[in-house]
Amino acid sequence: MKAKLSLLLALVLAFTLVFSACDNKKQNEADGDEPVSDAPVGDTQEDASTGVGPAGKITVQVEEAWLPHYEAAAARVKEAYPDVEIEFITVGSFDHLDTIDSTDVMNPDVADVYAYPLDRLVNLADKEALAAFDAPALAQEVGGFDNFDNGIGAALKLGDNYFGIPYNIETLVIFANEANAAAEGIDLSQPLEITTVTKPETALLPIFDAWFGVALTNSAKVELLGKEGENQFFSDLAKPWAELSPEHQSFIEGIFNYWKLNFEANTPLFDAESGRGYIDDKFRSGNGGVVRLGGPWEINAVKELTNDGADLGIYPISQVTLNGQPLAHWQGGWALGINSRCEAEPEKLALAKAMIAELINPAHAVELFQATGKILENAGVDIYMNSELDEIDKKTIEAVINSYKDAVNRPLFREWGEVWDTYKNAVLSWNSVKPATPEEAYTQLEASFKSLLERH
């Protein structure tokens, strides 16, 4: 197991992430290169770094819905290496990460190969839960990565070591109920401006939740928590009202008026417990909901709400604007990592890499999407567009890729984790404080973010 990574973690805090995942279209048959092969792409030779090939047994974390893709990937690995064993630990990704947090990597319930979101990398590395391996070499073997260090791969490097390989790109899109839009006289050929909305159900945006709320803060270039140097934190929302830029004051006015519209109509949208149910109810055809923020993992749910997709429109996130500025989410994503305990057994490390190679094999990108809703960085859009996927899935994938191009680099430093509750609690406090003006509403945000800075 590697020595403590504190030095590497210090280095990563100064690392500037540059994501350009969706420029990776110069690969495979979709773009005129070598045809995509469905042959196994796992290590077909001995690992160059160890001189050891895949052998033994590994465990792989998998969510239940993902099993078809994982089982097929394991079968291809075993086709190349008949004597290996691959056992699945069927558990939710976040439940698995919780097990790592509460125990350690020697726990048999912690898999040898597992998925994790990018923002968990630092914590996992701090716990020495991830093995370092030559991810760029594996990416080259798998194929489809135009420039590994200009994509999500850059976010997986701490110091000189890589601790994962990109699993998917992730950002939000706009789902629209076009039948409801027509009934409400809303023209979706033009972007929908939030400040012009007069009915609360028209725009169903749970903006108190920072995961969705950052789509609005990014549109106004509001930095919820940033860093200057290694240890100096700042927040645009910790300034006095008078020191806010006109654009930031307009942002506060926009979200205040959106809250006020819902508060005066007594909707449960700004309720952490019942808001999601309200969004689903209103988005159903005939109930007036027009647009909502979501990701590709929600596609089956929104189909059900829109007459099996007959009324469903799918747009890039820029379809909705605030003060004339298009919403913009994060360039998020997930990675596949290897348990650090495998470093002591090179043949298991090689087998883990072979399994990962099959899970992200672009020849099976469509099957991955069907099982998980994940979109590979190393699969060009034409792989999906030329597939047997239905038109709704294709539109969703295309909207995610287009939204991702204009998305903002996601902050990955550990302290950003405190922003979630800081922002959420401040906005939800408006229900009890009942501010009469945007400036009064802002005092709750200012106090909360000042307190956050004082802790650092």
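Position 1 is the first residue of the sequence, and the numbers go up from there. These figures come from a predicted structure and were not determined experimentally. Only heavy atoms go into these numbers, but all of them, side chains included; no hydrogens, no water, no symmetry mates.
Atom CG of residue L445 and atom NZ of residue K239 lie 14.0 Å apart, to the nearest 0.5 angstrom. Rounding to the nearest 0.5 Å places CG of N218 at 8.0 Å from CG of L224. Separating the NZ atom in K434 from the OG atom in S429 is a distance of 11.0 Å, to the nearest 0.5 Å. The structure places CG of L376 at 9.0 Å from CG of N361, a figure rounded to the nearest 0.5 Å. Note that CG of L336 and CD of Q61 are 9.0 Å apart. Values are rounded to the nearest 0.5 Å. The OG1 atom of T396 lies 8.0 Å from the CD1 atom of I375; values are rounded to the nearest 0.5 Å.
Looking at Q249, its side chain does come within 3.5 Å of a backbone N or O of W241 through a donor-acceptor pair. One N or O on the side chain of Y442 and one on the backbone of L237 form a donor-acceptor pair closer than 3.5 Å. The closest donor-acceptor contact from the side chain of H248 to the backbone of K221 lies under 3.5 Å. In this structure, the side chain of T59 engages the main chain of D112 through a donor-acceptor pair within 3.5 Å. In this structure a side-chain-to-backbone donor-acceptor pair under 3.5 Å is present from D187 to S189. The closest donor-acceptor contact from the side chain of D281 to the backbone of G277 lies at 3.5 Å or more, if one exists at all. Put simply, the side chain of R410 never gets that close to the backbone of G332: no donor and acceptor are under 3.5 Å apart. Listed for the S403 side chain is no donor-acceptor partner under 3.5 Å among the backbone atoms of V400. When atom types are taken as modelled, the side chain of N180 and the backbone of V290 share no donor-acceptor pair closer than 3.5 angstrom. Without hydrogens or angle criteria, D311 side chain to E178 main chain gives no donor-acceptor distance under 3.5 Å.
Under 3.5 Å, the side chains of N177 and T306 contain no donor-acceptor pair of N or O atoms. Between the side chains of D109 and T99, no donor N or O sits under 3.5 Å from an acceptor N or O.
Residues P166 and L156 share a closest heavy-atom pair of N-CD1, 3.7 Å. Looking at every heavy atom in both residues, K303 comes nearest to D393 through NZ-OD1, 4.0 Å. When all heavy atoms of L67 and V62 are compared, the closest pair comes out as CD2-CG1, 3.7 Å. Here the shortest heavy-atom pairing between G153 and E377 reads N-OE1, 4.5 Å. When all heavy atoms of S448 and T422 are compared, the pair lying nearest together is O-CG2, 3.6 Å. Residues E193 and N323 come closest through the heavy atom pair OE2-N, 2.7 Å.
Aromatic rings from Y162 and F148 are positioned such that their centres are separated by under 6.0 Å. The aromatic ring centres of W334 and W66 sit 6.0 Å or more apart.
By the neighbour-count criterion of 12 heavy atoms within 6.0 Å, atom NZ of K282 is densely surrounded, having more than that number from other residues, nucleotides or ligands. Enclosure of atom NZ in K260 is not indicated, since only 12 or fewer non-hydrogen atoms of other residues, nucleotides or ligands lie within 6.0 angstrom. Applying the 6.0 Å contact sphere to CD of E418 captures more than 12 heavy atoms from other residues, nucleotides or ligands.
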For a side chain to side chain contact (heavy atoms under 4.5 Å, CB included) check, start with the C-alpha distance between Y278 and D271, then their side-chain angles and the critical distance, and finish with the verdict. CA-CA 9 Å; Y278 167 77; D271 185 307; over 6 Å; no
Would you sort out whether I194 and V320 count as a side chain to side chain contact (heavy atoms under 4.5 Å, CB included), showing the intermediate values? CA-CA 7 Å; I194 294 174; V320 175; 3.6 Å; yes
Mind running side chain to side chain contact (heavy atoms under 4.5 Å, CB included) on L225 and L453 for me, showing each step along the way? CA-CA 9 Å; L225 184 66; L453 293 183; 3.8 Å; yes
Evaluate side chain to side chain contact (heavy atoms under 4.5 Å, CB included) for L121 paired with L412, printing each intermediate quantity in order. CA-CA 8 Å; L121 171 61; L412 299 177; over 6 Å; no
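Cation-pi geometry between K227 and F413 is satisfied (NZ or CZ under 6.0 Å from the ring centre, within 45° of the ring normal).
Within the 4.5 Å cutoff, side-chain heavy atoms of R414 are placed close to those of N123. Looking at Y114 and I89, their side chains never come closer than 4.5 Å, going by heavy atoms from C-beta outward. Here the side chains of F133 and C342 are not in contact, with every heavy-atom distance at 4.5 Å or above. Counting heavy atoms from C-beta on, the side chains of L97 and R120 come closer than 4.5 Å. Inter-residue side-chain proximity for N257 and T195 is flagged as unmet; no heavy-atom pair is nearer than 4.5 Å. Contact annotation: the side chain of H96 approaches that of V110 to within less than 4.5 Å [non-hydrogen atoms, C-beta and beyond]. Between Y258 and F270, some side-chain heavy-atom pair lies under the 4.5 Å cut-off. Two residues are said to be in side-chain contact when any heavy atoms from C-beta on lie closer than 4.5 Å; I152 and Y167 fail this criterion.
The aromatic rings of F88 and Y70 stand perpendicular to each other, their planes meeting at an angle above 60°, with 30° marking the opposite boundary. Between W430 and W259, the ring-plane angle classifies as perpendicular under the 30° and 60° cut-offs.
Just one of V291, L192, L188 meets the side chain to side chain contact (heavy atoms under 4.5 Å, CB included) condition when paired with Q319; it is L188. Screening Y404, F212, W211 for a ring pair (Phe, Tyr, Trp, His ring centres under 6.0 Å) with H329, the sole residue that qualifies is W211.
Take K199 and apply the side-chain contact (heavy atoms from CB on, under 4.5 Å) test, not counting sequence neighbours, and it matches E184, E201, T202.
A salt bridge links E304 with R284: at least one charged nitrogen is closer than 4.0 Å to a carboxylate oxygen. Salt bridge annotation for R276-E298: present, with a cationic side-chain nitrogen under 4.0 angstrom from a carboxylate oxygen.
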